[in-house]
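I have placed the structure first, in the form of structure tokens, so that the comments after it can refer back to it.
Hydrogens, waters and symmetry mates play no part in the numbers below; they use all other heavy atoms, side chains included. As the structure is a computational prediction, the values presented were derived from the model and not from experiment.
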Amino acid sequence: MRVFYLLLIFLCGAQSYTASRPNIVLLMADDLGVGDPGCYGNKTLRTPNIDRLANGGVKLTQHLAASPLCTPSRAAFMTGRYPVRSGMASRSLIGVFIFTACSGGLPTNEITFAKLLKNQGYSTALIGKWHLGVNCYNKTDFCHHPLRHGFDYFYGLPTTNLRDCKPGEGSVFTSASRWLVFIPLQIIGIAVLTLGVLHFLGLLHVPISVFICLLLLASLILILFLCFLHYFRPLNCFLMKNFDIIQQPMSYDNLTQRLTTEAVQFIQQNAETPFLLFLSFIHVHTALFSSKEFAHKSKHGRYGDAAEEMDWSVGQILNVLDELGLANDTLVYFTSDHGAHVEEVTTKGEIQGGSNGIYKGGKSNNWEGGIRIPGIFRWPGVIQAGLEIDEPTSNMDIFPTIAKLAGSPLPEDRIIDGRDLMPLLQGESQRSEHEFLFHYCNAYLNAVRWHPQNSTSIWKAFFFTPNFNPKGANGCFSTHVCMCYGNYITHHDPPLLFDISKDPSERNPLTPTTEPRFHEILKVMQEASGNHTKTLPEVPNQLSPGNSLWKPWLQLCCQSSSSALSCQCDREK
């Protein structure tokens, strides 16, 4: 009997150790709306594998992105901290990194969950999109690269997928081109024509040098513009494996299959040791793409094709976990970086953005449609299957959750804004640990959410809101994304107040007449916001114009290129 009890204690200890150090698989879609997966109510978009994940685990219905834009949201996800704390929130018009050869990025002193898990003996890999910078001072320092932030292996895009990366899909620079190229050329053309007429009529003597200078200026603007159009794709849209470029420019042919193969192989190679896999999908950000197996198969055009191909990839990951007998030892998490991009509509009227369900707004704004995201956790035997939780949670919560599971202490020299989700996921707690959550539009505090203790109400107060255009629209269609200051927003004093628990679509702002505690509630929320802002340190802004602009000395290029300007290679073949 003594031997039996010792054996029982040993087995229980081993099981507890396994349960506390699971494999971690993080699956993140790009621009997927909370209304897109079937398990969140979509009846026509086919997502059987995401639905299978939800049926086998916990579905969060008030899971929130820390920012409604790619770069700051991913910075918050990786560090468990509001992006404004690390300088990964912009104070200018552009809120994300556009150029690979910029100097901004996730600072080297930030601690990611990959670093923590690597220190605990985990094998770590990032497959897919990074979008948190590459270099600082020269093209070989790789200070912001995934391998400098705790990942052992990287295969994917250092920046992001854009329309400009795929020929024939248009450009994200249309508005900028109009203001920086076409309008100046028109002004120069009118000036030349006017001066020419005045000179011809003898009303004004215009030296020939003036005409030459104006024509040279017009030629310079046109040449620079044509060079930009020609070189943007190869210089910014490429695939890397660790520190090496393997395909420049990137090819979309079977891209999802290639990313999936890399992810599956990583799991197979590390099946005997704890591993962290972050599969960061390219789907469903524009430019939209899909392989021939999925093209023209969905009921939602090219967007649906891309979403269903991504769902297939999720299935491949789940299948290999089952085949290797790892499912019960693996925590799987599925999410999106923020809400769907509702302004993604082509000139022909084709909708290329997703669905945010009943929620207002979308990507780039803090209406619920911009920040409510899928949040699905599965860990058989540890997390109850089929559970649905409507408590406020954040994508910042992944950091402390998996750190604790891996046995890593949290950093003590900085504020961690995320909270451990396991008590909530396992039913040990019925309430989120977030009493307050703060919603930023870039670096500007936009709104605050309050879930009071012993109350079912969830209050949300907006200090300003974006000006949707055209009037009555559900987005900022004239600028393609909503901006965060100036004439693009409307300030509210007193703040605009909603009870999200009763009005999740944010259609009916409360007043002192409809809510007797109106001023009392706002006072608490404004005090919480003030206390929060006092905790924000002064840090360099990684998305300042100086850090965001293209720098030729940071430009990565295939080493095999014979010309410094060609930057073309394909080692994937």
Between Ser175 and His480, is a side chain to side chain donor-acceptor pair (under 3.5 Å) present by the stated rule, with each step listed? CA-CA 9 Å; Ser175 179; His480 196 60; over 6 Å; no
side-chain contact (heavy atoms from CB on, under 4.5 Å) between Leu554 and Ser103: does it pass, once the steps are laid out? CA-CA 8 Å; Leu554 299 182; Ser103 57; 3.9 Å; yes
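Judged by distance alone, the side chains of Arg449 and His439 do bring a donor and an acceptor atom under 3.5 Å apart. No side-chain donor-acceptor contact under 3.5 Å links Trp312 and Glu293. Counted by atom type alone, Thr159 and Asn236 present zero donor-acceptor pairs between their side chains at under 3.5 Å. In the model, Asp311 has no side-chain atom that pairs as donor or acceptor with a side-chain atom of Thr47 under 3.5 Å. Asp337 and Ser73 are not linked by any side-chain donor-acceptor pair at a separation below 3.5 angstrom, with hydrogens and angles left out of the test. Remark: the Gln247 side chain and the Arg258 side chain contain an N/O donor-acceptor pair separated by less than 3.5 Å. Side-chain contact, Glu309 with Ser291: a donor N or O sits under 3.5 Å from an acceptor N or O. Side-chain polar atoms of Thr112 and His149 form no donor-acceptor pair below 3.5 angstrom. With 3.5 Å as the limit, one finds no donor-acceptor pair spanning the side chains of Asp152 and Ser123. Side-chain polar atoms of Asp36 and Tyr303 form a donor-acceptor pair below 3.5 angstrom. Of the N and O atoms on the side chains of Tyr122 and Asn23, not one donor lies less than 3.5 Å from an acceptor on the other residue. Under the 3.5 Å distance criterion, with hydrogens and angles disregarded, a donor-acceptor pair is assigned to the side chains of Thr160 and Lys129.
Using a cut-off of 4.0 Å between Lys/Arg side-chain N and Asp/Glu carboxylate O, Arg419 and Asp397 are scored as not salt-bridged. Contact check on Glu344 versus Arg163 returns a salt bridge, with a Lys/Arg side-chain nitrogen under 4.0 Å from an Asp/Glu carboxylate oxygen. A salt bridge links Arg85 with Asp417; the closest basic N to acidic carboxylate O contact falls under 4.0 Å. Using a 4.0 Å cut-off between a side-chain N of Lys or Arg and a carboxylate O of Asp or Glu, Lys292 and Asp253 do not qualify as a salt bridge.
In this structure, Arg302 forms no cation-pi arrangement with Phe289, as its terminal cationic atom is not both closer than 6.0 Å to the ring centre and no more than 45° off the ring axis.
For Ile94, the CD1 atom counts as loosely surrounded, since its 6.0 Å shell holds 12 or fewer non-hydrogen atoms of other residues, nucleotides or ligands. By the neighbour-count criterion of 12 heavy atoms within 6.0 Å, atom OH of Tyr488 is sparsely surrounded, having that number or fewer from other residues, nucleotides or ligands. Around CZ of Phe243, the count of heavy atoms belonging to other residues, nucleotides or ligands within 6.0 Å exceeds 12. Atom NZ of Lys139 sits in a sparse spot, with 12 or fewer heavy atoms from other residues, nucleotides or ligands closer than 6.0 Å.
Put simply, the side chain of Tyr333 does not reach to within 4.5 Å of the side chain of Val25, judged on heavy atoms.
A side-chain hydrogen bond (donor to acceptor under 3.5 Å, both in side chains) with His338 is found for exactly one of Asp31, Asn365, Asn366, Asn395, namely Asp31. Among Thr330, Asn328, Val264, Asp329, the single residue meeting the side-chain contact (heavy atoms from CB on, under 4.5 Å) criterion with Leu321 is Thr330.
A perpendicular orientation is assigned to the rings of Phe151 and Trp130, their planes being inclined by more than 60° (bins at 30° and 60°). The aromatic rings of Phe142 and His145 stand perpendicular to each other, their planes meeting at an angle above 60°, with 30° marking the opposite boundary. Classified by interplanar angle (parallel below 30°, tilted 30° to 60°, perpendicular above 60°), the ring pair His63/Phe377 is perpendicular. Between Phe232 and Phe228, the two ring planes are tilted [angle within 30° to 60°]. Classified by interplanar angle (parallel below 30°, tilted 30° to 60°, perpendicular above 60°), the ring pair Phe278/Phe113 is perpendicular.
Phe182 has its ring centre less than 6.0 Å from the ring centre of Phe225.
Annotation: the span from Leu279 atom CG to Leu26 atom CG amounts to 9.5 Å, rounded to 0.5 Å.
Side-chain atoms of Lys363 never come within 3.5 Å of backbone atoms of Leu32 as a donor-acceptor pair (strictly under, hydrogens ignored). Here the side chain of Gln248 pairs a donor or acceptor atom with the backbone of Cys558 at under 3.5 angstrom. Using modelled atom types, one side-chain atom of Thr401 and one backbone atom of Leu421 make a donor-acceptor pair closer than 3.5 Å.
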